[in-house]
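Owing to the predicted nature of the structure, the values given are computational and were not obtained by experimental measurement. Numbered from 1 within each chain, the chains take letters A, B, ... in sequence-line order. The figures here come from the full heavy-atom set of this structure, side chains too, leaving out hydrogens, waters and symmetry mates.
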Amino acid sequence: MIGHWKKNFLAVVYLVAALFFIYIPVVVLVVFSFQDGQLPVPPFNGPSLQWYEKMFSNDRLVESLINSVVVAIISSLLATVMGFLAAYGMARHDIRFRAGVRFILMAPLTVSYLIIGIGLLITLNIFGIPKSLLTVGLGHIVINLPLCFAIIYSQFGGHLRNIDWAARDLGASDFQTLTRVIAPVMKPSLFAAFCLSATLSWDEFIIAFLLSRFEVTLPVIIFEMLRAGLTPEVNAAGTMVFAISMVTVAIAAIVVSVNFGARK
Amino acid sequence: MSAPGKPVAANIQFELSRWAVHPAIIFTLVFFIIPLVAMVIISFWQRIYGKLQASWTVANYEKFFGRDYLLEALYNSIEVTLLTLAISILLAYPLAYILAYKVPSRWQRFVLILTVLPFWTAYVVRSYSWLLIISENGILNVALIAIGLIDQPLEMAYGRGATVLGFVHFFTMLLTLTIYANLVQIKASYHKAAADLGANPLQIFFRITFPLSIPGVAVGAFITFVIAIGDYITPQILGGSTEVLVPQAIMLQIARAANFPMASVMSITLMIVVVIVYFIIGKYLKMDRI
Amino acid sequence: MSDYLVELQGVSKKYGTTIAADNINLTISRGEFLVLLGPSGSGKTTILSMMGGFTVPSSGRLIIDGEDVTDVPPAFRPTVTVFQDYALFPHMSVYENVSFGLSMRKIPRFERDRLTQESLETVGLAGFGSRRVHQLSGGQQQRVALARAIAVEPAVLLLDEPLGALDLKIRRQMQEELVHLQKSLGATFVHVTHDQEEAMSISDNIALVNQGKIEDYGPPDRVYLRPSTLFAANFMGDSNILEGKIVSNQGGKTLVDTKIGRLRFEGEYRLGANVHVSLRPEQIRIGKAKGSEIISLGEILVSEVVFQGTHRLCHVRAGKEKDVKLLIRFPQEHIVKTGDSMSVFARESDAVLLND
Amino acid sequence: MGSLRNTIRRKVTRRSFVAGAAGFAAASAVLPKTGHTADELNVLVWCDHADKKLLAPFEAKHNIKINVKTYEGTGAAVSIIEQSSPGDWDVLVIDTPDVPMVVGKGLLAPMDESTLPLSDLLKPLTSAAFNHVNGVRYAVPEKFGYYGVAYNKEKVNPADMRSAQVMWNNKYKGRVAVYDYYFPTMQLIAISMGIKPDAISMNDLPKIREKLLAMKPNIKMVGDIVSVQNALVNGDVDMIINGAEFVVSGLMPTMPQLDWTIFDEGGLMWIQGLSVFKDSKKKKLAFDFVNHVLSPEGQGALATSECYWAMPANKKAVLSAAEKKILRWDEQAAFLGRSVPSTIGRADIDSEMLDIWTEFLQKK
């Protein structure tokens, strides 16, 4: 091990430098969330949990936290299910206008969130639909559906076609094939798609900002805090968002690797 | 695939899965395509004296392309994005390469996750934490002065440099991920074969590894382009509005003036730029492999 | 009621302009082991897939057990397919895989249990029920796939190159077991393969498929020894194909001139036609032609010898100009060297006259 | 824990899930309008109205929930209102100069002056000029402050800050932030040129533009409240043009070196007023809320809100001596004497100003 690293001295230096660059904003964010003082700027006055206390007694923030979780889970669930069904349909059938269908499904990936948000905002205005968490969720499905579809579709290999056929051949109905065979087999990628989608929705700002009204999501509240007054509470909120995303990603990584590992 | 005169009863269950793509397609049509169409339509309307006028005009386009300071937002956006892209690729490629080839394979997964984890830092506060680092009283200046490298704080915050820094931080991680994913798919036997045929490590890299890794670079670059050129927060917080990028111009129109027609024109322009980029690097893109 | 269990009547399948199956007429009797043999892309898998119900024919009818099942989905046919990659459900145990079809048929638990155990015993995997699929070897997975298929007692078992992924040795062993299984179950098997040796060793009948058509059909020995087309002669093992011309067709006999001599065949063929003659390498022997029904092939010059264990394969040159390349299979004990020269002959009845 | 679960369940089942499931198929138009229940009051406000200390007493007293939506700038507020349906909103916090414009859109309800504590409010603020339209009151002032300059005493010469000319003073090249609100900045420039904010005409704009663009070399950054605060606190800039008490008062207890002032050439005031929506279905409650904000306690909370501090309109506002000192309570008479309110121009002038502002931001 040590010998290996010696041979690659430059690589190690680069890796360490890169990790330093990548982690420094996170470290600063987290450290100053424990700032004992009014301002999240040096010098660091020693650890304090006061800003976390303040954050959790902030009703709007706690409510927005719940909103974010609800929006992330429901929108990701729907995006995953629709993405899965679409991937299944595409993999199973010779769809007419196949290239066109794929193009439409993947198209939102090539459009900035801001533009998707503005488009939806304009449409809501035209049809007189009030903005709400629901519209935020719809926006998040728009951005996550192509990702879910792509992740799941890429895992639909030829072997799955035969598994699908085998299940039907043995008498399983459409629904049974889907729920008892295909979905369980695809579980790792469904799970990965769901987790990625949930973390993206959970931390998405511009669509949530444009399409929400009273009930807002956490990033919007944090943005409001950022515009309202400089305090380490923003750091505390940011640290919490990061921590929750990180846990989700870590769980996803472990679950997926365990599942894929077992496959081998 | 269907033949005429099928007994319906026997086929119903076999056909059900044909409807599997429909929810996603209908959803995308309703909540993505229709809004884009609405945006195109509204870009030909005008907001006059606070009221939306549904009369067809290209005045908004004329204004956007006719005024230097608006068109400059487009140039700025493209410049900042390309600069971000170039630096991010230069930083990410060696990192991905080290991950794929220098890190022992049992550690790779762990180091990879470690490397891209801050990708999930709260988006809104990411730029703000950079400010805490690069401002004149920030960590970096304090540290540099403390070790005696400088005696006057460096002016790093606010401006294009700071915006690009914020972007590069984020997209280096993204590109590392896509390039790494591509590099590990290149079979080790290619390298062995090339070495066997007398290629030196440099030749192996430029003749084998690099050409085969282009798709990974292209996918990462395209996503970077789409996200960076449409991002509002990073330039808004780190750039300090010392110059205006298109997303900021759009938000000015929406938040200050509710001028949706003008915002639509800018959005459409941004989309067209992305489409052009898509066609330039499109042949390397396998979007479904992301 | 038809005598046949499976009947394909003028079945065709087109994909755009490509024709995967072209007007296939084929019958399979009860208890028959039929092999669809052909090179890859020949359309044999399409034919199997149409029998299984995974592919709907563009035209023609498919009748199984007296019923027109052309448009009936796979689940409602008395067929079950064993896929080339086995298509085992990776998230289920061996037991769950094998009992899947039974539980889809709502067979009561007790009965299901019994049938599952029975199937596992039949394929020699009793006691493997709780294993996970990925813990099994290729051969064992193959058996699970078989057990899963026979558990629901299909009238016709369709096997899509099921042995393709196995090592040669296990493959030979599985071939024997397949035949044994088929005979003991009394079931009808349709088996797809591109391996002609496998086809000959397991089949009751071979249907040789090429370019969407059935080139030849019959028992393996007939198809091997008396191929009815040039393709069949070439595909079934090594063959020496000689170009020839019909020079006489009188008295129920036809004479064909080739570069290595004049050959005589039963039957009358069109005079002056260009034809091909097929002669298997093992059908050429060393020595001078003696007696009737023996044809001399003249002197040959050995240009290469390959020892293959059971025999020696020789590349030789024949004909007056020594410009005809032939393959000859000599017995082990017959030691030949490059450069040797000798006379060879063949039995007249071994040669096969092939129309172009 | 139980209440959290209930909240989640309520949200999941009632709103998002049902709507989520139904929403996709039964496209947009058929969706029910989210009318609100009797126990909610919807207020559209600047961020200083989001504090618990301001809202909680009222919520407790009336046993209701206040839904707060914050915005920045009247333009943004109007665009939010335009995206809503009638009756969605109950109370609006508005920059009083915009009252005629919003009344012109038919959005506000007339106010009965007898129900308001007008006599407690600072005189110049209640003047009919920006509260009345055709003799009818539509808004009541609640909080005010100035656009001037906020600065770090240790880094700049406070004497320089007294003149609007500081905006072009080479001494501070690259040390200046501008609070990102276009028309007050341009009105400050107008005042320095001797033009009253309400007298700015289309013809004045080229001159103002020139002066605005001339400022750019001095400018380090332009940003919203926290961004400029950040820049000042982090030492990236030494002063904030177009800022005053609302950017630094909140920071002054921790950073006493910060200060603010208005220019000698004349101060520019901002006045926030409270209005009730014409289509509000809960006018009684809405007016109660207006009175709550205007009460001495409400005024004290509002003046020292976390988002930004500024002077309360009510002379009786409950504030500590230290808070009053930071707000310059005693100097208000003098300040008011030489200040004029910021007003919003005609729509065409306003739109032109936004364009000039964009050009200013863009200038290298």
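- For A:Ile115, the parts sitting under 4.5 Å from any heavy atom of chain B are the backbone and the side chain alike.
- With a threshold of 4.5 angstrom between heavy atoms, B:Met173 approaches chain A through side-chain atoms but not through N, CA, C or O.
- Contact annotation for A:Val111: both backbone and side-chain heavy atoms come within less than 4.5 Å of a heavy atom of chain B.
- Scanning for ring pair (Phe, Tyr, Trp, His ring centres under 6.0 Å) contacts around A:Phe32 gives A:Phe44, with sequence neighbours left out.
- Heavy-atom pairs under 4.5 Å with chain A peak, among B:Ile227, B:Ile34, B:Thr115, B:Leu36, at B:Thr115.
- Looking only at distances, a side-chain donor or acceptor of A:Tyr23 sits under 3.5 Å from a matching main-chain atom of B:Leu114.
- When atom types are taken as modelled, the side chain of B:Asn60 and the backbone of B:Trp45 share a donor-acceptor pair closer than 3.5 angstrom.
- Both the backbone and the side chain of A:Ile104 come within contact range of chain B, judged by heavy atoms closer than 4.5 Å.
- Taking the centre of each ring, B:Trp130 and A:Phe21 come in below the 6.0 Å mark.
- When the candidates A:Leu120, A:Leu218, A:Ile143 are compared by the number of heavy-atom contacts under 4.5 Å with chain B, A:Leu120 comes out ahead.
- A donor-acceptor distance shorter than 3.5 angstrom exists from the side chain of A:Thr135 to the backbone of A:Leu211, with no hydrogens or angles considered.
- Contact annotation for A:Ile24: both backbone and side-chain heavy atoms come within less than 4.5 Å of a heavy atom of chain B.
- Of the residues considered (B:Ile133, B:Asp231, B:Ile33), B:Ile133 shows the highest number of contacts with chain A, using heavy-atom pairs under 4.5 Å.
- Residue contact with chain A, scored on non-hydrogen atoms closer than 4.5 Å, is absent for B:Met266.
- Of the listed residues (B:Leu95, B:Val168, B:Ile42, B:Val40), the greatest number of heavy-atom pairs within a distance under 4.5 Å of chain A belongs to B:Leu95.
- For chain B, the option among A:Val28, A:Leu200, A:Val27 with the highest count of heavy-atom pairs below 4.5 Å is A:Val28.
- Looking at A:Leu39, there are no atoms closer than 4.5 Å to chain B (heavy atoms on both sides), in backbone or side chain.
- Side-chain atoms of B:Gln248 come within 3.5 Å of backbone N or O of B:Leu245 as a donor-acceptor pair.
- Ranked by heavy-atom pairs shorter than 4.5 Å toward chain A, the options B:Ala122, B:Ala263, B:Ser264, B:Ala92 are led by B:Ala122.
- Contacts of A:Ala79 with chain B are absent, with no heavy-atom separation under 4.5 Å from either backbone or side chain.
- With respect to chain B, the highest number of heavy-atom pairs below 4.5 Å among A:Leu29, A:Ile116, A:Ile22 belongs to A:Ile22.
- Between chain A and the residues B:Pro94, B:Ala38, B:Pro247, the most heavy-atom pairs under 4.5 angstrom are made by B:Pro94.
- Considering CE of B:Met156 and OG of B:Ser135, their distance stands at 8.0 Å, rounded to 0.5 Å.
- For B:Tyr278 (side chain) and B:Val273 (main-chain N/O), no donor-acceptor pair under 3.5 Å exists by modelled atom type.
- Contact of A:Tyr113 with chain B is not made at all, since no heavy-atom distance falls under 4.5 Å.
- Using a 4.5 Å cut-off between heavy atoms, A:Ile126 touches chain B through its side chain atoms alone.
- Of the listed residues B:Pro23, B:Gly230, B:Pro35, the one with more heavy-atom pairs under 4.5 angstrom with chain A than any other is B:Pro35.
- The one candidate from A:Ser245, A:Ser75, A:Ser68 that meets the side-chain hydrogen bond (donor to acceptor under 3.5 Å, both in side chains) condition with A:Trp202 is A:Ser245.
- Judged as a salt bridge (charged side-chain N to carboxylate O under 4.0 Å, His left out), and not counting sequence neighbours, the contacts of A:Asp164 are A:Arg92, A:Arg168.
- The backbone N or O of B:Val103 sits less than 3.5 Å from a side-chain atom of B:Gln108, completing a donor-acceptor pair.
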